[in-house]
Amino acid sequence: MIDKPDIDERTLAAEVAAAWSVDVVDLVFMPVGLDGHAWAYRVETADGGRYFLKVRRGDFTPAAVLLPSLLRAQGLRQVVAPLDHAGAGRGFGGYRLLLYPFHDGGSRWGRGLTDRQWIEYGDFLGRLHRVTPSAEVAAVLPVEPYRSSAGERLRTLGGQAASSEVLGAFWKRYGPALHRLAESVDDLASRVTPGQHVICHADIHPGNLIADGDGPLHVVDWDAPILAPRERDLMFVYSADFGEHPINARRADLFREGYGALEPDPVLLSYYRSERHLDDVAAFLGSILDPEASTESRANDLHWLTRIAEAVADPRYAP
């Protein structure tokens with residue numbers, strides 16, 4: 001989220017210091033991410049330490065806290081886990097807080113992965129998909145339902161968008177294509193053959209891969225893991241929509257070198273790609289129509305919404 005939350009930052013810094021027994025000397029807002037319910041800060045401490053603070057309106061899911069700790073214990077060193085190993089974050093008014101180690105380098109969305117990192121990406125996902133969750137974690141992990149509420153949200157918000165000053169022209173141009181997308185998602189959902197369920201990150205695009213140069217990958221944003229077919233994660237690998245340097249034949253070979261032999265189900269890949277597009281469209285429409293959104297936030301969300309809509313409206317688009 002690029003807009004700051006309505007929080008007194010001195011009070012927030014004091015809460016972080018008390019909750020995690022750290023001597024906070026600076027709290028720096030980071031305008032990153034597209035989640036309209038979450039905000040990020042860099043925390044600096046007197047001993048030179050740095051942490052990543054995530055602030056969420058409402059609760060974190062128990063799986064967002066429990067699963068990363070399990071995966072670290074299983075040897076998946078790329079996982080960035082919160083300092084808390086249980087619960088649903090520390091309370092702070094109407095918000096919840098989680099504190100993480102801070103890693104330099106930034107996301108790979110714009111810079112892409114090196115050859116070595118493509119292999120590591122595949123190796124990490126292969127090992128993640130082979131982990132058996134503990135009974136405690138399995139009890140709190142959602143299970144893939146093979147249906148989406150995004151189509152209904154789109155239909156509801158579409159009427160508002162059509163009469164909106166900021167979205168009227170957009171909706172006139174792209175509305176029909178987005179309605180076709182919703183129909184496509186419903187059709188694909190009726191045709192998928194449920195695959196074997198594994199632990200999936202569910203948002204493992206290059207924006208959630210942090211690295212400094214050709215250094216090791218750090219996998220962040222474990223807010224919504226799920227038990228689902230591995231195509232739930234592989235969609236981000238094989239789609240050209242996520243990151244500025246998507247997969248090609250050579251990168252696919254490097255990924256498979258790390259992951260191992262695989263033949264993804266094309267219908268599942270199509271379903272997850274189109275459903276993600278539809279869900280993002282509905283989320284961006286809602287945030288743009290929010291009367292409390294800033295001009296800067298609306299412009300940012302409209303940029304990403306238009307990027308998706310242009311892809312969907314392209315006659316060559318095929319989920």
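One is the number of the first residue; the rest follow in order along the sequence. The figures here come from the full heavy-atom set of this structure, side chains too, leaving out hydrogens, waters and symmetry mates.
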Open item on the list: Going by the rule side-chain contact (heavy atoms from CB on, under 4.5 Å), which residues pair with Asp26 if we only count those two or more places apart in sequence or in a different chain?
Closed with: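 With neighbours one apart ignored, the set is Val28, Glu44.
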Can you measure from [atom1] ([X]) to [atom2] ([Y]) and round to the nearest 0.5 angstrom?
| X | Y | atom1 | atom2 | result |
| --- | --- | --- | --- | --- |
| Ser297 | Glu292 | OG | CD | 11.5 Å |
| Leu70 | Gln74 | CG | CD | 5.0 Å |
| Arg173 | Thr306 | CZ | OG1 | 8.5 Å |

Within a strict 4.5 Å, meaning less than it, do heavy atoms of the [X] and [Y] side chains meet?
| X | Y | answer |
| --- | --- | --- |
| Leu181 | Ser274 | yes |
| Asp280 | Trp304 | no |
| Phe29 | Pro5 | yes |
| His179 | Arg155 | yes |
| Trp222 | Thr61 | no |
| Arg56 | Asp59 | no |
| Leu305 | Val281 | yes |
| Trp20 | Leu97 | yes |

Open item on the list: Applying a strict under-4.5 Å side-chain criterion to I, L, V, M, F, W and Y, I'd like to know whether Leu128 and Leu227 cluster together.
Closed with: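 Yes; Leu227 is reachable from Leu128 via cluster members.
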Are the side chain of [X] and the backbone of [Y] linked by a donor-acceptor contact shorter than 3.5 Å?
| X | Y | value |
| --- | --- | --- |
| Arg256 | Ala261 | no |
| Arg108 | Ala211 | yes |
| Asp265 | Leu268 | yes |
| Gln117 | Gly213 | yes |

Please check if atom [atom1] in [X] has more than 12 non-hydrogen atoms from other residues, nucleotides or ligands closer than 6.0 Å.
| X | atom1 | value |
| --- | --- | --- |
| Glu244 | CD | yes |
| Arg307 | CZ | yes |
| Arg10 | CZ | no |
| Asp47 | CG | yes |
| Glu136 | CD | no |

Open item on the list: Testing the basics here: between Ala63 and Pro68, what is the closest heavy-atom pair and its distance to 0.1 Å?
Closed with: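 Residues Ala63 and Pro68, closest heavy atoms: O-CD, 3.5 Å.
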Salt-bridge criterion met for [X] and [Y] (N-O under 4.0 Å):
| X | Y | value |
| --- | --- | --- |
| Arg77 | Glu120 | yes |
| Arg153 | Asp279 | yes |
| Asp223 | Lys54 | yes |

Open item on the list: Angle between ring planes, His218 versus His103, binned at 30° and 60°: parallel, tilted or perpendicular?
Closed with: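 Ring orientation, 0 to 90° scale: parallel.
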TODO: Anything under 30° is parallel, anything over 60° is perpendicular, the rest tilted; go ahead and classify Tyr95 against Phe92.
DONE: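 If you compare the ring of Tyr95 with that of Phe92, the planes turn out tilted.
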Task: Option passing salt bridge (Lys or Arg N to Asp or Glu O under 4.0 Å) with Arg276 (candidates Asp241, Asp203, Asp233) - done: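 Single pass found, and it is Asp203.
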Open item on the list: Under 6.0 Å between ring centres: does that hold for Tyr317 and His277?
Closed with: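 When the ring centroids of Tyr317 and His277 are compared, they turn out to be within the sub-6.0 Å range.
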Open item on the list: Ring centres under 6.0 Å, that's the criterion: do Phe102 and Tyr51 meet it?
Closed with: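 No, the ring of Phe102 stays outside the 6.0 Å limit from the ring of Tyr51, centre to centre.
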Task: Option among Leu141, Ile226, Thr132 that satisfies the side-chain contact (heavy atoms from CB on, under 4.5 Å) test with Ile199 - done: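 Looking at Leu141, Ile226, Thr132, the match for Ile199 under the side-chain contact (heavy atoms from CB on, under 4.5 Å) is Leu141.
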Open item on the list: Please identify which of these residues, Phe242, Tyr272, Phe255, meets the ring-ring contact (aromatic ring centres under 6.0 Å, His included) condition with Phe236.
Closed with: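 For Phe236, the ring-ring contact (aromatic ring centres under 6.0 Å, His included) check succeeds only for Phe242.
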